[in-house]
Amino acid sequence: METPHHQPISLATPQAQRSGLGSLARRTAMLVAWALLLLLLWVAGDIAVPAALSPWTGRLQGFTTVFLGIFIEALPFLLSGVLVSSILHLYVSAERLQQFTPRNPLLAALSGSLLGLALPVCECGSIPAARRLLQKGVALPVGVAFVLAAPVVNPIVIISTVVAFGGWEMAAWRVGLTLLFAVLVGLLVGTAVNPAAVLAPGVATPEQDHVHTHDQTCRHDHDHDHSHVHSPPDAPPAGATRRVLTHARSEFFEMGRFLIIGALLAAALQTFIPQQALLALGNGPIISVLVMMGLAVLLSVCSTVDSFIALSFINTFTPGSILAFLVFGPMIDIKSTLMLTTTFRRRIVAVIALFCFQLALLAGLLVNFFG
Amino acid sequence: MTQPLSSQPPSTPTPAAQMRPNYLVLLEVLLLSGTGALLTMKWLRGALDFYIHPRYTGLVLLAALVLFLMGGARLRDLFTPQSAQRLSGLHLLLALPLLLGLLVPARPLGAEALAGRGLDLTNVPLSTQPATGDPAEWNLLQWATALTVEGDELQGEAVDVVGFVFHDERLSRDAFYAARYVVTCCAADAAAAGLPVLWEGGNNLPADTWVRVQGTLDLVTLNGTRVPAIAATSVAPVDQPEFPYLFP
């Protein structure tokens with residue numbers, strides 16, 4: 001499957017554009033993608049499949065069901081995220097936002113990690129929202145801490161964790177550790193000397209409300225005229241709904257592809273790697289933490305429900321591993337990692353993932369050995 | 001940020017007299033409203049429950065509505081001039097859920113998918129409705145919950161469950177598994193609950209057949225360990241249940 005990550009940039013800036021070789025590689029990738037898709041549709045669609053391939057029909061139908069399961073489940077949350085982001089973009093001025101965020105990096109990271117309480121979006125929604133905040137020039141620690149903490153530190157997820165575990169203890173640990181990790185990673189990444197080295201190219205240039213250079217930050221079609229920036233935010237101009245929808249659409253297409261690639265990978269891993277093999281490893285105090293963290297990445301389920309899934313492992317797995325699953329999963333999984341690359345440079349995404357991994361592993365081990 | 005699908009300049013309303021639809025805009029409209037229509041259609045046919053927990057049905061329909069609205073808002077740009085953009089892999093990617101949803105028959109997870117996941121009573125989410133009352137009215141999930149809690153004490157109780165047929169080569173010729181998926185959120189987290197069924201010629205039942213199994217709970221030796229199983233007195237094929245999955 002072609003991963004068109006840097007495609008938008010190359011489309012807009014002609015210098016990195018279509019050398020003969022690149023075009024050939026791209027065409028080959030397209031051809032392979034089409035061939036795989038047709039093969040999948042043919043075998044899973046059960047259209048005159050020869051007997052030799054028929055065992056694959058059931059498996060690929062299972063693959064399709066899991067893929068669509070993840071996609072359909074995540075869709076409402078992704079849409080809510082892009083709608084929140086679009087409203088932020090259109091009706092909240094950068095000055096207003098910057099005014100409210102602290103300059104001190106520690107306070108900034110702390111406020112970012114708590115922002116989820118006010119903007120309840122889960123992981124598919126927190127990334128578009130964080131990206132928008134960063135584009136608005138909000139301090140880097142705020143954005144990083146928000147993107148990591150918001151999927152857990154929001155009312156819905158806190159309640160679902162309390163309900164799943166029938167008490168406050170696990171929820172308190174989960175929220176406490178998430179806040180701690182988000183602040184730590186927010187400080188680590190957020191105090192980078194040059195924010196441009198951290199943020200993905202389109203995000204690095206802050207939006208300037210008064211000099212709207214469309215080819216800088218908003219390369220997609222804006223058929224709105226941005227007059228609203230100068231009018232008070234409480235008096236939206238006519239056609240407000242359509243503006244939000246138009247903006248949300250372009251952002252949905254942009255983030256949606258990462259959701260789709262992530263769901264494809266997660267479904268493929270589930271279909272072709274037996275979960276049983278993973279679970280068989282699950283008893284030692286160290287290996288169980290690693291296995292549950294691996295499972296969190298593999299399953300890529302939404303943070304609003306992962307406590308119910310964690311609950312099903314509570315009898316077979318160590319408490320530390322359950323906690324690591326609950327803290328690490330919402331921060332890093334297949335789809336969120338791919339979606340993060342729309343906001344941060346890939347190198348930084350790798351740093352964030354690695355740092356979260358180490359912290360969650362450490363916490364899980366501490367709970368298992370001293371808890 | 002960048003938007004590869006549509007990079008026309010800010011559009012001024014173009015008179016429809018130009019009459020040359022912008023095909024990429026048309027494609028976007030089709031992708032959005034098509035995905036919305038797919039979700040609505042799956043819901044109408046009762047197939048949405050094959051993918052997600054029914055508690056999310058309302059949210060998904062709301063998402064379908066937003067997709068329709070986005071498509072509708074985009075329809076206005078249908079006659080804007082053609083941009084330099086061409087069809088790309090991105091469109092293929094975004095069309096993937098639509099294509100798979102339309103062309104692959106909607107089926108709940110079945111015996112084939114179980115081969116990759118394995119069947120293990122201990123990893124099923126425990127039922128939140130405690131298995132009380134008459135064991136003859138328990139479903140497979142309640143049985144799994146009760147067996148983890150009470151174990152051997154249930155031997156000899158009457159069993160009456162519905163599940164699909166799953167064959168495991170470790171079972172003898174005259175046995176099969178009656179299994180049911182337990183879904184917490186979406187099909188991605190499905191775990192199977194099941195019990196071995198002792199039934200003469202059980203191996204000949206085609207996999208994925210839905211059956212109603214009646215009998216009593218017994219203990220059998222499987223790979224050297226004593227495990228609970230159903231000594232069946234009746235195994236009858238039934239229609240696929242309205243909700244093929246069980247929900248904890």
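Here is how names work: the chains are called A, B, and so on, in the same order as the sequence lines, proteins then strands, and each is numbered from 1. Basis for what follows: all heavy atoms, side chains included, without hydrogens, waters or symmetry-related copies.
Around the CH2 atom of Trp210(B), the shell of radius 6.0 Å holds more than 12 heavy atoms that belong to other residues, nucleotides or ligands.
With a 4.5 Å cut-off on non-hydrogen atoms, Leu32(B) touches chain A through its side chain but not through its backbone. Interface residue Leu79(A): only side-chain heavy atoms are found under 4.5 Å from chain B. Looking at Leu37(A), the atoms closer than 4.5 Å to chain B (heavy atoms on both sides) all sit in the side chain, from C-beta outward. Looking at Ile260(A), only its side chain comes within 4.5 Å of chain B, counting heavy atoms on both sides. Using a 4.5 Å cut-off between heavy atoms, Leu99(B) contacts chain A through both its backbone and its side chain. Of the atoms belonging to Leu39(B), it is side-chain heavy atoms, and not backbone ones, that fall under 4.5 Å from chain A.
Closest heavy-atom contact between Thr65(A) and Tyr51(B): O-CD2, 3.5 Å. A pairwise comparison of heavy atoms in Thr57(B) and Leu48(B) identifies CG2-CD2, 4.0 Å as the closest pair.
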Quiz item: What's the verdict on side-chain contact (heavy atoms from CB on, under 4.5 Å) for Val244(A) and Leu83(A), showing C-alpha distance, side-chain angles and the deciding distance?
Solution: CA-CA 7 Å; Val244(A) 171; Leu83(A) 286 174; 3.9 Å; yes
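Exactly one of Leu259(A), Leu78(A), Val66(A) qualifies for a side-chain contact (heavy atoms from CB on, under 4.5 Å) with Phe71(A). That residue is Leu259(A).
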